[in-house]
Amino acid sequence: MLGTVLLLLALAKTACPIPANVASRRAEALKKLLEVFGMEDPPAPPTHFKQPPQYMVDLFNTVANADGVTKNPDILEGNTVRSFLDKTHSEDMRFLFVLSSVAKNEKILTAELHLFRLWPRITDGPKRHHFCQVSVYQVLEKDKPDTPGGKKLLAARLVSLQTSGWEVFAITPAVRDWTEDESSNQGLLVTVQGPGGSPLDSPPLQFASGRGHHESKKPMLVLFTDDGRRGASLPTAGFPGGSHTYGRTPLMPTSLSHGVLPTLAKGIECSFPTDLKPQAPNLPAEMLVPKLGRSRSARSLDRLRPCQRHPLSVDFEEIGWSGWIISPRGYNAFHCKGSCPFPLGENMRPTNHATVQSIINALKLSEGVSSPCCVPDKLYSINLLYFDDDENVVLKQYDDMVAASCGCH
């Protein structure tokens, strides 16, 4: 995937005026770049300034470093986290979340309702409670939820009346029903009762609604999903900043606080897949190999330097995506460049196949056998936090986007 990204970014370069045929190639390159990110078209930026939910920002910072590079590949359950805000803005503890942006190929792993618990009302007398029972129901009959068969219990537990803060309830079965049959989504109903399920005349516990409360406290549905997209067979490297060991245990949301276009690298040695390689008649030579005004001797010196990793900056603002991507603003994809001379030392991280190929090339034992190529041998994934077409905030992880190290293969 990384090699594809490097070529597409080269084609997307807009620094100089380009002929119509090259503009067409650039549009095609941007379309393919969107496919790398699992999209057909770029989402439209929000119509007005919108603050992403603090929970999603905190989750991004837990999963990734400032450049979006994954700290540990096993932190998330699945590769996508979607957040949805309540659409009812009701005061009667009814909630509705529109899930039309969930793709058909996404597997729902975990679904959670996040509600902000307000400071309890002060009550006097002998009937003062320290806890209330909060129940979350899937509504089956929109107009008659209190009739038999009108609702289905999803979660219930005792909640303290001593503090305020976020409460998280698992509602996975309901969301799976809704994604299989969109018309079955009649929303959720939340009730507050006494510790034994007894009715309360004036419930001391209230949750923030979408009306009359700060944006940061609005009811929210969070989905952990997986779209099945995986990278190539190259191993992933030991991830930067990944000193914490989470094993295969997913990071549960309750543990979190709510509260560039590349600088085209010189002399990339290896070829890209044939079906993505630009054809000579359609592209000026300077887009295939950047002209940086260096002498022939300097370029020759580059070829003599051993295989190693070099910076390759990707700036989403230059590509034109900064309106909908929240974080990161860009990242360093890196690329591999240098020679793989005979004999290959261990510092060049050669495969056994590369070692044999190097020997055959050096001894001229077979015609047409080139020396091994300097390529990524380990890769990092990156994470994007962005607004989708419905202005919901999404966190998505993409495999094989950063060259972690280089070797002779």
Side-chain angles (χ1 to χ4, degrees), residues 53 55 77-78 80-118 129 131-161 165-211 213 217-226 250 252-254 258 390 392:
Y55 171 78
E77 183 181 13
T80 307
V81 184
R82 296 182 179 274
S83 63
F84 303 85
L85 296 181
D86 171 48
K87 297 298 184 182
T88 63
H89 309 300
S90 155
E91 298 286 353
D92 61 358
M93 307 283 272
R94 293 281 294 268
F95 306 101
L96 179 68
F97 302 94
V98 178
L99 308 182
S100 56
S101 58
V102 179
K104 294 297 184 185
N105 65 328
E106 284 186 58
K107 181 180 180 182
I108 306 297
L109 303 175
T110 303
E112 298 186 333
L113 174 66
H114 292 220
L115 299 176
F116 187 82
R117 185 177 72 253
L118 300 173
H129 298 287
F131 293 91
C132 280
Q133 178 175 301
V134 177
S135 303
V136 180
Y137 295 90
Q138 177 182 355
V139 176
L140 304 178
E141 297 288 341
K142 181 179 179 180
D143 298 324
K144 299 178 290 184
D146 293 324
T147 61
K151 61 182 184 290
K152 180 171 69 175
L153 181 64
L154 297 171
R157 70 163 180 271
L158 293 178
V159 174
S160 171
L161 295 177
W166 286 95
E167 296 290 339
V168 179
F169 300 90
I171 58 167
T172 308
V175 173
R176 286 178 177 161
D177 288 345
W178 298 340
T179 53
E180 289 175 6
D181 178 9
E182 190 174 342
S183 65
S184 69
N185 184 0
Q186 303 297 318
L188 301 169
L189 171 67
V190 176
T191 64
V192 178
Q193 299 171 307
S198 57
L200 298 173
D201 294 334
S202 179
L205 177 65
Q206 283 189 319
F207 293 102
S209 67
R211 179 187 302 171
H213 294 103
K217 297 178 181 178
K218 287 184 176 181
M220 182 170 63
L221 173 64
V222 177
L223 301 188
F224 290 77
T225 72
D226 195 292
M252 287 294 100
T254 48
H258 269 265
D390 297 326
N392 299 310

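Counting heavy atoms from C-beta outward, C132 and V159 have side chains that stay 4.5 Å or more apart. The shortest distance between side-chain heavy atoms of I108 and V102 falls below 4.5 Å. Side-chain atoms of F207 and V134, non-hydrogen and from C-beta on, do get closer than 4.5 Å to each other. You'll find the side chain of Y55 stays beyond 4.5 Å of the side chain of V168, heavy atoms only.
R94 approaches T88 most closely through the heavy-atom pair O-OG1, 3.0 Å. Taking every heavy atom of both residues into account, D226 and G78 meet most closely at OD2-CA, 3.3 Å. Minimum interatomic distance between P219 and L115 (heavy atoms only, all atoms of both residues): CB-CD2, 3.8 Å. Among all heavy-atom pairs drawn from K87 and V98, the shortest one is CG-CG2, 3.8 Å. Closest of all the heavy-atom pairs between L113 and L221 is N-CD1, 4.5 Å.
Under the rule for a ring pair (Phe, Tyr, Trp, His ring centres under 6.0 Å), the partners of F116 that lie at least two apart in sequence or sit in another chain are W166. Residues satisfying the salt bridge (charged side-chain N to carboxylate O under 4.0 Å, His left out) criterion with R157, sequence neighbours excluded, are E167. Listed by chain and number, the residues in a salt bridge (charged side-chain N to carboxylate O under 4.0 Å, His left out) with E106 are R82 (sequence neighbours excluded). Under the side chain to side chain donor-acceptor pair (under 3.5 Å) criterion, N105 pairs with no residue at all, not counting sequence neighbours.
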Exercise for the section: Start with the C-alpha gap between L99 and E182, add the side-chain angles, then the distance that decides, and say whether side chain to side chain contact (heavy atoms under 4.5 Å, CB included) holds. Expected result: CA-CA 8 Å; L99 308 182; E182 190 174 342; over 6 Å; no
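Rounded to the nearest 0.5 angstrom, D86 CG and F95 CZ are separated by 6.0 Å. In this structure, the separation between CZ on R117 and NZ on K217 is 12.0 Å, given to the nearest 0.5 Å.
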Output a table of donor-acceptor pairs, distance under 3.5 Å, between side-chain atoms of residues 139-156 and any protein atom two or more places apart or on a different chain; print 'none' if there are none.
from : atom 1 : to   : atom 2 : distance (Å)
T147 : OG1    : K144 : O      : 2.7

Name every donor-acceptor pair, under 3.5 Å, that has one atom in a side chain of residues 184-197 and the other anywhere in the protein, sequence neighbours excluded.
from : atom 1 : to   : atom 2 : distance (Å)
S184 : OG     : D177 : O      : 3.4
S184 : OG     : D181 : O      : 2.6
N185 : OD1    : G187 : N      : 3.2
N185 : ND2    : F97  : O      : 2.8
Q186 : NE2    : S183 : O      : 3.1
Q193 : NE2    : G197 : O      : 3.4

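When atom types are taken as modelled, the side chain of S83 and the backbone of V222 share no donor-acceptor pair closer than 3.5 angstrom. Between the D390 side chain and the N392 main chain, no donor and acceptor come within less than 3.5 Å of each other.
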